[in-house]
Structure formats: structure tokens, C-alpha cells
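Values reported hereafter were calculated over all heavy atoms of this structure, with side chains retained and with hydrogens, waters and symmetry mates removed. Start at 1 with the first residue, then count along the sequence.
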Amino acid sequence: MNPFYHKAAGAPADPRISAKDSGETHRYLRKLCLLPVCGMLLSMWFCILFFCTRSGYHRPLLSMGLALSFLALGWTLFLLWLLEERLSAFTSDLCRTIDRMTEGGTCPDAGSDKETLKSRINCRLLRLYQIMQTQKHAAEKEHQKLQQLITDISHQVKTPVSNLMLVTDTLLTRPGSAEEQTVFLKGLKNQTDKLHFLFQALLKTSQLETGAIQLQKSDTSLYATIAQALSGILCQADHKHLSVTVNCPEELCLPHDRTWTSEALFNLLDNAVKYTPEGGSIRVSAELWEMYAKIDITDTGIGIPESSHAAIFRRFYREHEVHNIPGVGIGLYLTRKIVTLQGGYVIVASALGEGSTFSVFLPRHF
């Protein structure tokens, strides 16, 4: 039985080298080396006996053969002992290195620059260790992202759920007039709408991130895509008396996914309506560049401080100054994800109190 696999199947294996493992390794190497030694001695004696029977010098040849056999046996045993010690030291060092790697210890030594077997093995172990560490850090990062996502979702859900419980308890415990009940029911609807929007946004984000939905690009009219996005905010814009203007050539076509691109543009337009005071304006313009089509959405809203330009694209990020405005902080994250999956990018130019311009760049070619 191979000494490296001496434990029974299913038994807990100790990855560290023990005295028993080392002893069995020595015995295995001895058995392996004794086979060629015995074969060599038998061949030598066969040759000696063969020449003795052919010549008349039986006794001198036998004596010489015996002496040579003992000398050969002695040197062979010495070489085998030396080989066994070298192999044992090599395997023990290799196992200790692997033990340190699996236990998250120090990085294995890359060895010398000489082209030896040990150096080549050490180089491969070092590469394996680096891959293991990279995968470990990636797993830790994913775990942290998952924990942060759970925390963010819990934070977003906590407020509407608490409001729903408060309103339902009030309706059940305190009788009121029809007008009061209508007010409470409108509050219930607002909170359920917020939860529905949050879950829908999370579902869309999950589908895009996991690849459950693949964006299908086709040569489509950009004007029709912008019109589809605008249809979702015109009612709110009219309610706030906002002026909405569009400057986009009707014949402008480029490869993009119409459904998801209109979703991305709608998120930008929806934010523009939310954060622009009554009587303000929103302007949408599109123009062709050499490699991209540029879509600008400009508003006269409250603006974004320059220090937050990168943070606003994070999931669930919202400025403290706008917490009183409805929203969950996932629209910009979803917009950038949709545009990036199509090979484009999004930038923002804004200053506090001076409005904002979000620019979407989409490739002109497949």
C-alpha cells in the first residue's frame, strides 16, 4: 500500500507531517531502492559464475567477484542511504510548505534562480499560493459586499414596513371618520408603492448582474428610445410646472437595447424631476461623436457637490440633504450598469445650487 495514502477512507486526515508518516515514507523508499540493488547483485553473480565455468581460474575469479560484490554493495547502500535522506528532506520540506499555504501562513520561497527541480516546484507553489490568496481576498470582498447589501436592504425596508405597521395598528385600534381612513389608506399605498419600487429595482439589478437577462442590441432609433423614457415623467413634470425640451434628430439611429436604455434614461429623468424645484426646466439633447452618441440630460435642480460625483453611482447612496425627497438611491447605480453592459459610460457635471448634467455615451457601432 502506498504510504502516502495509508489512512482508511473516510478517516479524518491530518495535513501535517507526523513521525509515523515520515517512518512509512522511509520504509517505502527502502523497498523501492532494494529492488534494483538485488537485481544488480544477481546479475553480477550470474556473470561471475558464467565466466568461472568457462575458464580454469575458478578460485581467483570467485574471490575477486566476492570482493567486488561487497564493494559494490557497500557503495550502493551508501548511495541509496544518501538518496533516501535527500528525498525525505525534499518531501518533508515540500509538505511543510504546502501546510503553511493551506493554513494561510507565509508565502513560500521562490527559491534560487537556478534551473533545478526544487526551484521549479517552488515557483509553481508560489504561483498557486498567489492564486489562493487572490481567490481568498475575492471571496472576502464578495462576503463584505453581500453583508453590506443585506444591511442596505434592511435599512431601506425598515422605514416603510414600520410605517405600514403603525398605520394598520392605528386603523385597527382607533375608529375614525371616512376622511381619516382615506388619509391612512393613502399612506398605506405610498409605503407599498415604495416597497414595490424597491423590490422591482433590486430584481432588475440582480438580473443584470447575474446575467439572467442579456441586453440585445439592435440598430434602433434613439429618438424613439428617448420618447419612451420621457413618457414616464411627463405627468410629474407637468404637476411641478417644469419645462421639458428635447433636441434629438429623428433619423438618429445606433445599436442599443431600446427597453433597457429607456430604463436607464428614465432613471436620470426621474431624478431630474425629483430634484428640480417647481418652475424649473429639463433639457434632453443628443449628438453624434466620432465613436459615441452623446445624450445629455440637463436640469436646473439643486445640484450635486463635486465631492459626491463618484459616490452617487453607488447602490443605495443618497445625500443627507435629500432624505426628505422620495427615493431609495438605486436608480443611478442601475443606469450605469445598463450603459456599461452596452459598452458605454456615464459622467456627471454638477455643482451645488447650479443644476446637473448627466451625459450618457453609447457606442455608435456594434
Of all the heavy-atom pairs spanning Ile338 and Glu263, show the shortest one and how long it is.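 That would be CD1-CG, 3.9 Å.
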
Would you name the heavy atoms of Ser356 and Gly303 that are closest together and state the gap between them?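 What the structure gives for the nearest pair is OG-CA, 3.7 Å.
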
Is the backbone of [Y] close enough, under 3.5 Å, to the side chain of [X] for a donor and an acceptor to pair up by distance?
{"X": "Ser307", "Y": "Pro305", "result": "no"}
{"X": "Lys217", "Y": "Phe366", "result": "no"}
{"X": "Thr335", "Y": "Ala264", "result": "yes"}
{"X": "Asp299", "Y": "Gly355", "result": "no"}
{"X": "Ser359", "Y": "Ile347", "result": "no"}

Verify side chain to side chain contact (heavy atoms under 4.5 Å, CB included) between His137 and Glu140, making sure each step is shown before the conclusion. CA-CA 5 Å; His137 294 324; Glu140 291 176 351; 3.8 Å; yes

Assigning hydrophobic clusters by single linkage (Ile, Leu, Val, Met, Phe, Trp, Tyr; side-chain heavy-atom cutoff under 4.5 Å), is [X] placed with [Y]?
{"X": "Met165", "Y": "Leu195", "answer": "yes"}
{"X": "Leu362", "Y": "Leu230", "answer": "yes"}
{"X": "Phe361", "Y": "Leu265", "answer": "no"}
{"X": "Val273", "Y": "Val348", "answer": "yes"}
{"X": "Tyr223", "Y": "Ile233", "answer": "no"}

Should Leu208 and Leu215 count as side-chain neighbours, where that means a heavy-atom distance under 4.5 Å?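 Leu208 vs Leu215: side chains touch.
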
Starting from the C-alpha separation in whole Å, work towards a yes-or-no answer on side chain to side chain contact (heavy atoms under 4.5 Å, CB included) for Leu164 and Leu188. CA-CA 6 Å; Leu164 287 172; Leu188 285 175; 3.4 Å; yes

Within a radius of less than 6.0 Å around [atom1] of [X], do more than 12 heavy atoms belonging to other residues, nucleotides or ligands occur?
{"X": "His239", "atom1": "NE2", "result": "no"}
{"X": "Arg364", "atom1": "CZ", "result": "yes"}
{"X": "Gln207", "atom1": "CD", "result": "yes"}
{"X": "Lys186", "atom1": "NZ", "result": "no"}

Which pairs, with at least one residue in residues 338-349 and sequence neighbours excluded, count as a side chain to side chain donor-acceptor pair (under 3.5 Å)?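 Residue pairs passing side chain to side chain donor-acceptor pair (under 3.5 Å), neighbours aside: Thr261-Gln342.
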
Output every pair passing ring-ring contact (aromatic ring centres under 6.0 Å, His included) with a member in residues 245-267, not counting sequence neighbours, ordered by first then second residue.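 Not a single pair qualifies under ring-ring contact (aromatic ring centres under 6.0 Å, His included).
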
Let me have the donor-acceptor pairs involving side chains of residues 285-295, under 3.5 Å, with sequence neighbours excluded, atom names and distances please.
residue : atom : partner : partner atom : Å
Lys294  : NZ   : Asp296  : OD2          : 3.4

